[in-house]
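What follows is a set of notes on a single structure, which appears directly below.
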Amino acid sequence: MTVLLLVLPLLGCLAVLGLPPKRAAAFGVAVTSATLATALLMAATFDYHRSGFAQFSVNAPWIPLIDLRIHLGVDGISLPLVVLTALLCALCAGYLARPSGQPERPRALVALLLLTEVGMLGTFVALNLLLFFVFFEVVLVPMYAVIAGWGGQRRAAAARQFILYTLLGSGVLLVGLLLLYSRTSTMDMVVLVGRAGTGLSHGVQVLGFLLIAGGLAVKVPVWPLHSWLPDAHTQAPTVGSVLLAGVLLKMGTYGMVRIAVPMLPEGAVALAPALGALGVAGIVYAALACLAQRDLKRLIAFSSVGHMGFVLLGIATLTPVGINAALLGNIAHGLITGLLFFLVGGIAQRYGSTDIDRIGGGLLAKAPRLGSLLVFAAVASLGLPGLAGFWGEMLAMLSAFRPAGGLNPALYLVFLAVAGLGTVLTAAYFLVMLRRVAQGVVPPRWTAERFGDVTAREWVAWTPLLVLVLAIGLWPRIVLGVTDGAVRVLLRGG
Amino acid sequence: MHVVYPVVLAALLFSVGVYGVLARRNAILVLMSVELMLNAVNLNLVTFDAWLKDTLASGQALTLFVIAIAAAEVGLGLAIVLLVFRNRSSIAVDQLRDLADRDAPSAVPGETVAEREAAR
Amino acid sequence: MTAALAVPVVLAPFLAAAVGLPLGRRLPPGIVAIAGTAVSAVLAIAVAVSSRPAETLARLTPTGGIAVTVGVRVGGLSATVAVMVTLVALAVQVYSVGYLRGDPRYPSYAALVSLFTAAMLTVVLSADLLLTYAGWEVMGVCSYFLIGHHWERPAASSAAVKSFLMTRFGDVGFLFGVFVLGTAAGSFRITDVLAAVPTMSHTTVLAAALLMVVGVVGKSAQFPLHSWLPDAMAGPAPVSALIHAATMVAAGVYLVALLFPVFLAAPLALDVLAVLAVVSMLGAALAAFASADLKRVLAYSTISQLSLMFAALAVGGRTAAIAHLVSHAAFKALLFLCAGAVITAVGGGLLTDLGGLRRAMPVTFATMTVGFAALAGFPPTSGFFSKDLVVAAAGHAASGEAALVTVAVAWLVAVAVLLTAGVTAAYATRAWLLTFFGTERPAREAGPVLTGPLLALAAPALLLGLAALRWPELRPEWGSALASVAVVVLGAGVVLARWRAAPGRDPADLLGRARPLLASAWHTDDLYERTVARAVTGLAERVVAVDDRVVGRAVTGSGRNAGRLGGLIRLSQNGNPQLYLTGLLAGVLLIAVGVVVLA
Amino acid sequence: MQTIQSVDYLAVAPPLMLALTAVGVLVADAFLPARRSPWIGGAALTGVLLALAADLVLAVGVLPQDRPRGTFCVGASCSYSVDRFTLLFQAVLLVAGTVVLLLANGEVRRAGLPAGEFHFLLLTALAGALTIAAGRDLVILVVGLEVVSLPVFALVALRRYDGRSAEAGLTMFLVSVTSTAVMLFGVSLVYGATGSMLLDTISAALRRPGTPHTVAATGVVLVLVGFGFKVSAVPFHFWAPDTYQGAPIAVAAFLSVVSKAAGFAGLVLVLTVGFGSYAGVWGPLVAVLAAASMTVGNLVALRQRAAIRLLAWSSIAQAGYMLAPLGAAAGLVGEPRVLGVLAAATVGYVAIYAVMNLGVFAVLSFVGWIDGLGGGRLDDYRGMARSHPALALALAFCLACLAGLPPGLAGLFAKIVVFRGVLTGGYGWLAVLMAVNTVLGLAYYLAWASRLFAPGPSESTAAFGPVPRHVAIAVGLAVAGTALMSVLPQLVLGVAPTLGG
């Protein structure tokens, strides 16, 4: 089943190049929907009582010399992310196939999209360290091409900074993985999680965690290593930024939860406070940066740094509650920021620009439904209870209140306080944004413009996200029920 | 005679050769100093071969090979120096600046090349 | 059975909101909202009547640590408050149909008010502290949306943002308090928490109590987080009536009453609460007396009355506080609705634009008089009885009986309560005189849809105190009753005398030069604006600048430096073979020396 | 003493066959009239393919028992022995040779190079390279090295009418001859210290305490210089960019792939079979050379605008990556098994590098000379995806492989193997430096690849005309090789010289 999940988009990617351009988008929708169906089928037939153990697993040798095996499997931690990725890719394909907005060179764009999907799904289902690394890097080139090919004005520089910065991160990650391999001589994640770092000296564990978490930190992004994110998201086309924010950031945190924390426990305990500190600093830094942003898309990109700060805080506590909070935070952020970028894409298409002063406000008057969707997404993003964003942040703060043994509780209380302040600042910049964009009077330059409210095709692309944000908000068991068992198994060492 | 005398002599010869390569401007003289270095090696090899009383006499075998190689090199070297002289009418080694690492390539080479290219 | 009844009390308005938001436009205005609230009111009364404490519980989700549960917990306190909330909400819904007739955004308004009611009922009836927090936050957001109902006006939208951020700041304190209690008790269920209070260490309980105080001060607009309530008056009048008089701001009082054992175990927190209450009480009362807009007078009056309730709680008078909460909800909602009627009739809120409406709007005049009487505390209104209970409680505490709060603080509270009673009577009478007396003004009485709810609310405002005499603990004590009536008559008398001496002139001129200072509540709002707001925006600008220059430049800079370094190394490549040979032989020399020295 | 040497002709077959073809071609050119010159190319190609066949026959003989087939032996240690390592290298060299011959075919005709001499020189150089791969004796290695170098001097200067070609030839000649002299001096010192020319005897001698340590160490290091020049590691790299620019593109390809691979074969043999026990001496040195090469190579490549010069600097940087695992040997003195793993990493990378690089050179040779620059400038490739989609995709694929990024899986696996080698040696700093260097590398590979797909002026790419058959085959061969390495890299990974003793 997992093999089918990867083969479908791969074949689709190759096949679409042969199609005539006008049918490329439709074909893209077909392939991504098939992949989504497979993912949902997997979710349906998944044995939730044994969510801690890899299911639908495949284990075939590929390059025995470096112990690279095609070892795939899905468990409680990766299942929600797989479904999220498949869903977002299907929505993006749907967005591309909309009659009004056909992109140029559709075949190439759909092919790159499908190749990115293979990379993303591969990363989440890989159970072999090297295979994880290969899929981790498969995503780079297509995403670079999407940004450089279909992006905004300054796309070349943004795309180059994105791929070079992320490659540096994955280079450091590779050094960390191979350091781990040189000491344990196995690349099998299940075995390594089972060993939970026994037989590894303290020094190796700390250095390994530093390299692996450091490499992944560029992808998350952790606060000081985030400078590629705003440019990449702002210059990327809507489809690109949805996938970038929705899934690519999660590969970093997923890597930390799956590899760094369970396999190098002593390293985790040694470096978790630093990770927590950077995460929390990221929350406040991003919130302040968003408060003074002039461009709407750049504001939402920065908000991702803030939300990932909460996810990092959850991971840094090394407790089941924290890790659950991180995983739920991932899913919630994927849905909400995906929706936000779709909405901003819609606004950019109607106003021709995402500059807040240019839009000038009055969106609720000009396009009431689009405006109220923006309000809904903003409120969800600032963590209103009853919507998905709340549980991730609240549980992360709750876990910071009682961190795992060996971590300094006073330090984590400071993190908790700063994170609390972060939530207020997050609320501040979203509401200020709403006041400038959604509320207020329509400026004279737009009164004459006639652009329609949300179209039927846009409703089709966005309703699943709306429903899921509400559903997870009211019934978080959808995600936590799946991840809780797996997290307990992970932290207890398999 | 102790083995160290010829070895030291060889080393000195080698250094003279190195000086010759670095200091002389004329390509042919540089060639000659390279020959000097190779002969220093030959001296070294023969000395060691005698000193070790090597049954296989591999030292002398290699000396023969080195002599052959030196001859081949001089032949080729002079041919190339001739070619350079015909193109640049000077064989001052330190004036060959045409292949420097610059953004724009230097003046387009002699007409003969341009015509030949155009004829393609 | 009662618990099973309590669940639909919460769900009815929630469903009304869920239905009303998308489909509002197609249905006749307000039908869904009013029906939902009515059903909820009837059920609430049924639950209150049966009044047997009950609790239902269901596990919402595993979290890897303490599980989050969802459920309803009905007790005497929560039942009464639930009834009060639903009745006031019903009155407001009916009133809004008339008040916002023809407003295109009415359907979403009605749905949001229903959602607000559901959230308030969640806070009142919830059995799990996290669920309470959830309701608490949703209330905050609904208040943000409703204050920003006329979002095309910059004043309304900035007031909404300010109100949400200030309450959000308090909510973070409340959330942390919930964390402290939950982690100490090992569960977020209220019954478990209350049972575990004796076992908790002193510091834990104190920390929890203080954090709760922060949350409560934020939500109930007490000093120092009070400056958002007067600005919140930018919202429509029924919103002010429901949210900023009866329910949301009162949630703080309800919460302290609900978790009273926690506060009893941490007397220091009660001292802090008492001091804050005293400061807010007097400050707000004087501000009410000095301010020039009718709704701002009522807003400051609400802050002051809430401080009374907190003061009662601080000195141990839990029943007095709840009684005053209920009666205040009735007469303050009434006052706001009357103010709404008056403003729509005259077209402006400033007291100087009003005056002489006695004959033009008889019903409004009658009901508003009852409201002002209850606010001032004239017998036989409910306000008199409930305020008297508070004065009595303050008196007992001052005489050292309950020994909860330190005696000095108790004395301070008692004196402040009496003083506030006097000033309250003064500004009530002033507002009353300026609105209805003085030069005649042509105005039309509001329609039946508006006056109906006014009359409906006037009844409890007048008779609730008398009806409550049935329960012994709600009977007034003669000593404190006489004292408070004396002070009230004195306050009202001064203003009447001033009015008779110079009819038509605003009695607030008594304050003279101090008036602008008091009107803006000691300029606290501008203080916040200049310090907090400017500091944060300044920091934000600097962060963006730093982000571009330092973090961003560091990365692109490293790229450019690599290129420049490459250019430098490239200089060695100048085509001269002899330079290459020198490089090569220098390398050889270096290596040979290195080997000889090191190896 | 047995005077007549029994020669195992099958073992010697591949280089011998090439040599015979070379002579045949030279003689044939003398007699054939001018219009038959394409036949010479064909003859050369058949010679190479025959050698490849001989190689495969040998492989069937040697591989299964994994017992090396030696000849010219003295007692147990043979001067010329063929084992899996040799066969792999000979196979790679021959495939590379075929591709270079295909590329040369067009260029010889267009630039008017003398066909007979050109093919003769190419085949002799290739024969020299094959002998190095099988050499287990310093004499054979030195002579093999010279047989590879001398013909290349002539090849580089073959564009007789182009001043820059002669200049390049002279530059390469001078630097090469000097480094050979230094290397010979080193060989003489090693011979003096150990008393033998056979690598395994030397290795045994170096382990004995009696050997004069400093003389042997200096000898070892000086021998390194010769190979350092061949693989163009820093500080012996200065000749490479100028020579690549001056030389015909096919010769530049030969230099960048075949001669570098031969250099690495010699280096691996010398360092592991010969001086294995002196890893403590040459280990750190090679590590420093590796670090310097990759950093300098990548940094200067960032500033290159001419395609051929960029490839020159890129191959210097790649030499750095290939040297890195050998550098890590310092930490494991005397453990032959782990030394084998490190050598296998270098060998694997060299094999994959050879195939990747050929793909790029093939496209360069198709582009040909634009205003005095072989392969033109990077901007001349703008919009190539529109005019020649297949060629552009092949070039992009090979560049991705060189950068080590999927879809270039071959490059990625090569890099992983090298990273693993460096880390098993415990050189963390070198691994992190390599990570940084891969980023620098990607910067300029990306600059080139993105120009292919850029919408810019396409009149320059349109002027290239249709892709001739031989270039198509060459590109096809290179891309197929890389794709094969992407899917089944274990063919080339894990092959190390059998360490005697």
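This is a predicted model, so every value here is computed, not measured. We name chains A, B, ... by the order of the sequence lines, and we start the count at 1 in each one.
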Okay, Leu409(D) and chain A: the region with an atom under 4.5 Å from a heavy atom over there is side chain
Taking every heavy-atom pair that is under 4.5 Å apart, which of Ile63(A), Val138(A), Leu177(A) has the most such pairs with chain D? Ile63(A)
What part of Pro142(A) is in contact with chain D, defined as an atom under 4.5 angstrom from a non-hydrogen atom: side chain, backbone, both or neither? neither
Count the heavy-atom pairs under 4.5 Å between each of Ile163(A), Leu173(A), Leu207(A), Leu211(A) and chain D, then report the option with the highest count. Ile163(A)
Where does Leu168(A) contact chain D at under 4.5 Å (heavy atoms): side chain, backbone, both or neither? both
Most contact-rich option vs chain A, by heavy-atom pairs under 4.5 angstrom, among Ile416(D), Thr438(D), Val432(D), Leu493(D), is Ile416(D)
Salt bridge present between Arg69(A) and Asp188(A) (N-O < 4.0 angstrom): no
Under 4.5 Å to a heavy atom of chain D? For Val134(A) that would be both
Axial cation check for Trp228(A) ring with Arg160(A), 6.0 Å and 45° limits: no
Between Arg386(D) and Ala454(D), is there a donor-acceptor pair closer than 3.5 Å when you use the side chain of the first and the backbone of the second? yes
Tell me, for Phe135(A) versus chain D, whether the close heavy atoms (under 4.5 Å) come from the side chain, the backbone, both or neither. neither
With a 6.0 Å cut-off (strictly less than), is the heavy-atom count around CZ of Arg154(A), excluding the residue itself, greater than 12? no
Show your reasoning for whether side chain to side chain donor-acceptor pair (under 3.5 Å) applies to Thr86(D) and Asp83(D). CA-CA 5 Å; Thr86(D) 319; Asp83(D) 61 3; 2.8 Å; yes
Chain A shares the most heavy-atom pairs under 4.5 Å, among Pro406(D), Ala344(D), Ala435(D), with Pro406(D)
Using a 6.0 Å distance limit plus a 45 degree cone around the ring axis, check whether Lys415(D) lies over the aromatic ring of Tyr349(D). no
Can you tell me which portion of Tyr165(A) sits under 4.5 Å from chain D's heavy atoms? Options are side chain, backbone, both or neither. neither
Do Ser293(D) side-chain atoms and Gly320(D) backbone N/O form a donor-acceptor pair below 3.5 Å? no
